[in-house]
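Shown next, in structure tokens, is the structure this report addresses.
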2 protein chains.
Amino acid sequence: MSDWREITGGVTAPKGYRAAGITAGLKPSGLPDLALIVSDVDAIAAGVFTTSYVRAACVDYCRERLQKKASARAILVNAGQANAATGEQGWQDALTSAKALAEALQISPDSILLASTGVIGRRILMEPLLAGIPKLVESASETGSDLAAQAIVTTDLVTKSIALETIIDDRPVRVGGIAKGSGMIHPNMATMLSFVTCDAVVSTSLWQEMLSRAADKSFNQITVDGDTSTNDTLIALANGQSRTSAITEMGANAEKLEAMLTAVCQHLAKAIARDGEGATCLLEVQVTGAPDDKGARQIAKTIVGSSLVKSAIFGRDPNWGRIAGAAGRAGVQFDQANLRIQLGDFLMMENGQPLPFDRSAASAYMKQAAGGAYLKDDTVLISVSVGNGNGKGIAWGCDLSYDYVKINAEYTT
Amino acid sequence: MSDWREITGGVTAPKGYRAAGITAGLKPSGLPDLALIVSDVDAIAAGVFTTSYVRAACVDYCRERLQKKASARAILVNAGQANAATGEQGWQDALTSAKALAEALQISPDSILLASTGVIGRRILMEPLLAGIPKLVESASETGSDLAAQAIVTTDLVTKSIALETIIDDRPVRVGGIAKGSGMIHPNMATMLSFVTCDAVVSTSLWQEMLSRAADKSFNQITVDGDTSTNDTLIALANGQSRTSAITEMGANAEKLEAMLTAVCQHLAKAIARDGEGATCLLEVQVTGAPDDKGARQIAKTIVGSSLVKSAIFGRDPNWGRIAGAAGRAGVQFDQANLRIQLGDFLMMENGQPLPFDRSAASAYMKQAAGGAYLKDDTVLISVSVGNGNGKGIAWGCDLSYDYVKINAEYTT
């Protein structure tokens with residue numbers, strides 16, 4: 001039983017937030033491409049960003065901002081140009097964008113956070129962006145989450161959104177989130193972006209800790225193609241508008257909040273994996289028995305990212321040897337005599353020994369998970385145990401299909 | 001100018017080696033599947049093996065053997081079953097194989113090294129293997145390298161073989177090698193295998209050092225699909241039959257030998273990358289300006305292994321943003337303001353700034369590299385500089401095509 005319930009409203013479900021999404025003219029497609037999330041009052045702000053040494057200007061901008069002051073009022077997101085690998089000019093464009101939004105909102109520029117997604121190496125189209133900002137601010141509303149979610153996608157097939165509610169001090173506390181991405185979805189397109197809002201009363205340092213842990217169990221555990229983007233950004237705001245007692249250290253209330261935050265991040269992360277380029281199913285890998293959680297997560301992520309495992313899943317081939325192979329090369333030490341591998345309900349290896357199993361039934365299990373008939377049950381589950389340790393972890397991904405190659409090969413030229 | 005010349009003869013080019021390849025009945029296809037390399041006298045033996053924690057029995061066997069005694073007389077290789085993830089029985093099968101070959105050769109079992117390639121999770125078919133060994137030993141000859149090279153392949157499109165000769169103390173010294181593999185070529189099939197023979201007079205510890213360094217600059221720098229195999233094996237024998245003065249420490253002769261050994265390993269490694277599953281070209285990534293060689297090699301290998309880069313190359317799309325993205329996530333720190341990216345002769349980024357370039361000419365350069373018309377010139381070259389350091393490194397791979405997915409998805413079921 002969870003301590004929370006799902007509600008509607010996305011990032012505008014928590015109290016004191018408005019959002020907007022408009023077409024400013026940044027995407028060639030003419031679809032919505034500029035999004036805003038704004039808190040009525042200063043919100044504490046925590047962020048997790050790409051670890052790449054080639055980063056978008058907006059990532060450097062947010063990092064610098066949050067280091068100086070861990071709070072924010074608004075997040076501006078443009079889709080169409082990633083503003084990554086754009087040199088000094090990209091940095092100036094970021095500053096100009098923040099300044100323009102601050103003026104329109106009549107707040108200080110240091111209360112603005114930025115995110116970009118789109119083609120790497122291309123500057124933001126500044127003219128339409130600047131022209132669009134007044135309209136964007138004007139249209140921000142307490143029901144604007146869906147419009148914002150639409151404006152941040154690139155070639156995602158669906159938008160990703162969720163909101164959860166729990167009770168702390170007899171008062172509702174809410175966490176809402178939107179996200180875009182599925183690896184680097186579109187040729188030249190970058191980035192996983194996710195924005196989480198919350199009305200909890202929580203201390204800055206605890207909020208950042210919670211977000212980092214939640215990211216480790218969600219966004220950091222998905223992979224579509226192994227390519228870390230230049231723009232990966234996860235920002236979580238908490239504006240205190242639920243007016244409960246302040247959560248300043250770990251305890252029952254803090255655990256409740258962190259569990260809900262983690263659930264929001266996991267929902268969005270799984271939605272991204274499910275929408276992976278060319279994917280026909282969601283792949284979930286659960287690992288137990290590792291020396292620690294970190295090791296278990298690492299093994300799970302290696303299996304879920306293996307091109308050979310992903311190809312086999314696409315072919316609905318119960319090829320457990322590849323799962324064993326991927327587990328072994330994850331860089332986490334274990335004794336292969338303890339290896340146990342299960343696909344759905346089919347046990348394929350135990351104590352390091354191959355077991356006989358019904359190949360056609362195992363293949364049928366995977367076929368059932370293919371999109372279409374079983375939209376609610378599109379998950380292929382792989383369970384692996386590597387020993388007697390207490391470490392456990394989960395990772396999510398998708399299969400590797402012809403369409404992945406098609407999407408990524410047949411572009412520009 | 002190299003200090004060596006290319007000669008014929010593969011692993012039987014160096015003095016004092018015989019080889020054989022026969023059809024024992026291990027592969028369903030009925031193609032040759034059992035290979036032998038034998039030295040007339042005890043040869044010092046160095047090995048480099050998979051780092052996976054899920055390993056084939058033959059890998060554990062060779063490691064244990066070489067730890068006890070760094071010399072060998074013969075290498076037995078079976079293709080068809082990987083003997084990986086086969087538990088205790090797999091280990092017993094390895095011992096039985098070695099014992100049978102030792103009896104046929106009338107030498108001690110601890111002078112035998114073993115390698116297997118094929119389906120993970122399947123035991124070697126021991127009956128045909130044991131029945132084939134006498135015939136194998138009988139047919140071993142000083143011109144048997146090509147037969148051995150044929151018997152170790154699985155679904156490789158071509159065999160991989162080379163021999164080089166240099167002069168030390170006015171006497172010819174030769175290194176020969178054969179290899180198989182292209183990642184995990186065939187569904188369920190594992191492994192990169194390579195065997196190098198040499199008639200140099202060299203000390204055991206120096207030979208192992210040279211082999212490890214050569215592997216770092218060759219086999220450890222290729223990737224087809226990022227999946228480290230359970231069976232990866234590189235064994236190098238040196239039997240002293242060139243009868244030069246002994247090479248026991250680094251110096252002119254040692255450098256000459258190591259350069260030739262490295263050239264043999266690089267030739268075989270590139271041959272494997274070129275024969276990658278579904279590959280239409282060889283991809284070479286040269287990195288300079290890194291803090292050290294290790295970092296440069298790491299960046300090169302990350303770029304050459306990026307699914308997005310590989311897909312773009314397949315589509316002949318000069319999508320340099322993905323190259324920048326992959327360089328940035330390689331885990332090696334650099335300042336993106338120093339990044340320089342070149343594709344063939346086309347400079348695309350310098351000092352972290354995107355440059356204009358002729359997209360269609362760049363695409364034409366890549367098309368020219370496609371197999372067929374330009375068989376001798378099938379290489380797409382990417383040059384990246386990340387700063388002013390002295391570190392440099394090269395990695396090799398191939399593009400990601402529809403056929404990769406086809407080969408790996410459409411199997412057994």
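These numbers were taken from a predicted model, which means no experiment stands behind them. Chain letters run A, B, ... following the sequence lines, proteins first, then strands; residues in each count from 1.
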Chain A contact via B/Arg123 - which portion, at a heavy-atom distance below 4.5 Å: neither
Which region of B/Gln333, side chain (C-beta onward) or backbone (N, CA, C, O), has a non-hydrogen atom less than 4.5 Å from a non-hydrogen atom of chain A, or is it both or neither? both
Max heavy-atom pairs within cutoff under 4.5 Å with chain A, candidates B/Ala85, B/Gly87, B/Gly352, B/Gly121, goes to B/Ala85
What's the separation between atom CD in B/Glu88 and atom CD in A/Gln353, rounded to the nearest 0.5 Å? 8.0 Å
How many angstroms lie between atom CG of A/Leu400 and atom CG of B/Leu400, to the nearest 0.5 angstrom? 6.5 Å
Looking at residues at least two apart in the chain, or sitting in another chain, which of them share a salt bridge (Lys or Arg N to Asp or Glu O under 4.0 Å) with A/Glu350? A/Arg340
Can you name the salt bridge (Lys or Arg N to Asp or Glu O under 4.0 Å) partners of A/Arg297, sequence neighbours left out? none
Examine whether an atom of [X] lies under 4.5 Å from a heavy atom of chain B, and if so say whether it belongs to the side chain, the backbone or both; otherwise answer neither.
| X | result |
| --- | --- |
| A/Met349 | side chain |
| A/Ala337 | neither |
| A/Ile313 | neither |
| A/Val386 | neither |

What are the two closest heavy atoms between B/Asp60 and A/Gln336, and how far apart are they? OD2-NE2, 3.6 Å
Between A/Phe334 and B/Tyr53, the two heavy atoms sitting closest are O-CB, 3.9 Å
Residue selection (most heavy-atom pairs with chain B, distance under 4.5 Å) from A/Asp335, A/Thr86, A/Leu339, A/Val332: A/Val332
Residue, of A/Ala327, A/Ala312, A/Ser401, that accumulates the most heavy atom pairs under 4.5 Å with chain B: A/Ser401
Are more than 12 heavy atoms, taken from residues, nucleotides or ligands other than B/Asn388, located less than 6.0 Å from that residue's CG atom? no
